[in-house]
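Here's the structure we're looking at; comments come further down.
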2 protein chains.
Amino acid sequence: MPPPASRPIGLTLARTARAVSRAFDARLAEAGGSLPVWLILLSLRTQALGNQRELANAVGIQGATLTHHLNAMERNGLVTRRRDPANRRVHLVELTPAGKELFGRLRETAIAHDRRLRRGLTSAEVASLEQLLDRLHVNVADDDPAVT
Amino acid sequence: MPPPASRPIGLTLARTARAVSRAFDARLAEAGGSLPVWLILLSLRTQALGNQRELANAVGIQGATLTHHLNAMERNGLVTRRRDPANRRVHLVELTPAGKELFGRLRETAIAHDRRLRRGLTSAEVASLEQLLDRLHVNVADDDPAVT
DNA sequence: TATTGTTATACTCTATAACTATA
DNA sequence: TATAGTTATAGAGTATAACAATA
């Protein structure tokens, strides 16, 4: 049986994602942010997260990597960290007013980016794309290395 | 008019692409490669490229970045570089037998990865996905920053 | 002992600027 | 002067391992 004759979908996905994320990165940088910072702010604002492990998980990075970003964000006055009195191992991460302001700006950036991405696509097409992407995600998520 | 109410397609795209490319990276690493090395080998084998600038372009990186990878690949015995007698400014990049061997192995890896990605999708669905991704790509490619 | 998070360190990919060799 | 490529340097993002603090 022949290999898939057409252009591999993984290649198309990788190239599209790279182009799209570079464009988004550039916009975020103009607005004073970056992708990890945006994802961290977004997670903090839209999810109730009990600790940094959960936050790291929501963003899709390791705990130490999150610490790295939080250090920079704290240095830049975007977040504060303080011990949870109820469990002093846990650090409560909170947005400062500057952090909330940046969140607002980056949200505008993200909305504009998405509007641009959707240009010329019907909402049915976007929904279909989203659903197909989710299925790809599931296909690599179930880590069954025995797939030959 | 309200912002897109649903989950931003850019976020779904970014998360899917990250998960998929991490899975692919892991497979490539097991096979002794990496994504940039695979893209370089693929370009060398499937396109007629006149010089390194064109090669860098095909891979989607800067010339200096390409040099960086070629240095490593040459160190590892995968490619050779020699001056083009017709224009001694140009360096002809050629695969060694070891380079061709690695190409073959990585191609198998890429094919298996793609087979896995496509699981449960009809070829019409894959075609539709590919076409939608291409349209997103076009939407960010035309760099018209005046899109509000 | 287990859990939470930080520090130390390093790696990969990428880029820009300055440089060399050739035309 | 212009073009092809390299070298030098740096920065962002990520990771693992060892550690400190707390439970």
Side-chain angles (χ1 to χ4, degrees), chain A residues 14-15 17-19 21-30 32-41 44 49-76 79-94, chain B residues 14-15 17-19 21-30 32-41 44 49-76 79-94:
Chain A
R15 287 190 168 151
R18 187 179 51 189
S21 92
R22 278 188 187 179
F24 190 34
D25 283 348
R27 302 303 178 89
L28 288 171
E30 282 166 19
S34 70
L35 185 59
V37 166
W38 163 240
L39 293 177
I40 290 168
L41 293 175
L44 286 173
L49 299 162
N51 57 38
Q52 285 188 200
R53 193 173 31 73
E54 287 179 21
L55 177 55
N57 221 295
V59 174
I61 57 182
Q62 295 298 313
T65 304
L66 176 63
T67 295
H68 169 77
H69 291 299
L70 288 179
N71 287 346
M73 292 172 75
E74 195 168 43
R75 246 190 338 267
N76 294 329
V79 299
T80 56
R81 280 178 285 190
R82 60 187 178 83
R83 301 266 184 183
D84 183 347
N87 178 348
R88 291 182 43 76
R89 287 177 302 193
V90 171
H91 287 200
L92 298 174
V93 181
E94 281 161 355
Chain B
R15 288 189 168 152
R18 187 179 50 191
S21 92
R22 279 187 187 178
F24 191 33
D25 282 349
R27 302 303 178 89
L28 287 171
E30 282 166 17
S34 70
L35 185 59
V37 165
W38 164 238
L39 292 177
I40 290 168
L41 292 174
L44 286 173
L49 299 162
N51 57 39
Q52 285 188 201
R53 193 173 32 73
E54 288 178 21
L55 177 55
N57 220 296
V59 175
I61 56 181
Q62 295 298 312
T65 305
L66 176 63
T67 294
H68 168 77
H69 291 299
L70 289 179
N71 287 345
M73 291 172 76
E74 195 168 42
R75 248 192 335 270
N76 294 329
V79 298
T80 57
R81 279 179 287 189
R82 61 187 178 84
R83 301 265 185 183
D84 182 346
N87 178 348
R88 290 182 44 76
R89 286 178 301 195
V90 171
H91 287 202
L92 299 174
V93 181
E94 282 160 354

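In what follows, chains carry the letters A, B, and so on, assigned in the order in which the sequence lines appear, proteins first and then strands, with residues in each chain numbered from 1.
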Checklist outcome for this item: From CG of L28(A) across to P of dG13(D) the rounded distance in Å is 10 Å
Next on the checklist: Whether R83(A) contacts dT4(C) is assessed here as follows: a side-chain N or O lying under 4.0 Å from the phosphate OP1 or OP2. Is that the case?
Outcome noted: no
Checklist entry - Is any side-chain heavy atom of H91(A) closer than 4.5 Å to a side-chain heavy atom of Q52(A)? => result yes
Checklist entry - Are any of R89(A)'s side-chain N or O atoms less than 4.0 Å away from OP1 or OP2 of dT3(C)? => result no
Checklist entry - Is there a side chain to side chain contact (heavy atoms under 4.5 Å, CB included) between L41(B) and V37(B) once you walk through the steps? => result CA-CA 6 Å; L41(B) 292 174; V37(B) 165; 3.9 Å; yes
Next on the checklist: Measuring to OP1 and OP2 of dG5(C), would you say a side-chain N or O of N51(A) lies under 4.0 angstrom away?
Outcome noted: yes
Next on the checklist: Just the rounded figure in Å: distance from C1' of dT3(D) to CZ of R53(B).
Outcome noted: 8 Å
Checklist outcome for this item: To the nearest angstrom, the CG-P distance between L70(A) and dT7(C) comes to 11 Å
Checklist entry - Can you tell me if the side-chain N/O atoms of N71(A) get under 4.0 Å from OP1 or OP2 in dT7(C)? => result yes
Next on the checklist: Can you confirm whether I61(A) sits close enough to H69(A) that some side-chain heavy atom of one is under 4.5 Å from a side-chain heavy atom of the other?
Outcome noted: yes
Checklist entry - OP1, OP2 of dT6(D) versus side-chain N and O of H68(B): anything below 4.0 Å? => result no
Checklist entry - Taking the side chain as C-beta and beyond, is there a heavy-atom pair between N71(B) and R75(B) under 4.5 Å? => result yes
Item to check | Salt-bridge criterion met for R82(A) and E94(A) (N-O under 4.0 Å) | outcome: yes
Item to check | Below 4.0 Å: OP1/OP2 of dT6(C) and any side-chain N or O of H91(A) | outcome: yes
Checklist outcome for this item: Within residues 54-67 of chain A, the residues having a heavy atom closer than 4.0 Å to DNA chain D are I61(A), Q62(A), A64(A), T65(A)
Next on the checklist: It should be established whether S34(A) places a side-chain nitrogen or oxygen under 4.0 Å from OP1 or OP2 of nucleotide dG13(D).
Outcome noted: yes
Next on the checklist: Can you see if the side chain of H69(A) gets near the phosphate of dT14(D) - specifically, an N or O under 4.0 Å from OP1 or OP2?
Outcome noted: yes
Checklist entry - Taking only N and O in the side chain of Q52(B), is any of them less than 4.0 Å away from OP1 or OP2 of dT3(D)? => result no
Checklist entry - Taking it one step at a time, do D25(A) and E30(A) satisfy side chain to side chain contact (heavy atoms under 4.5 Å, CB included)? => result CA-CA 9 Å; D25(A) 283 348; E30(A) 282 166 19; over 6 Å; no
Next on the checklist: Mind checking if R22(A) touches a base, just sugar-phosphate, or nothing, with heavy atoms under 4.0 Å?
Outcome noted: sugar-phosphate
Checklist entry - Taking for each residue the nucleotide of DNA chain C with the nearest heavy atom, is it P36(B) or R81(A) whose nucleotide lies nearer the 5' end? => result R81(A)
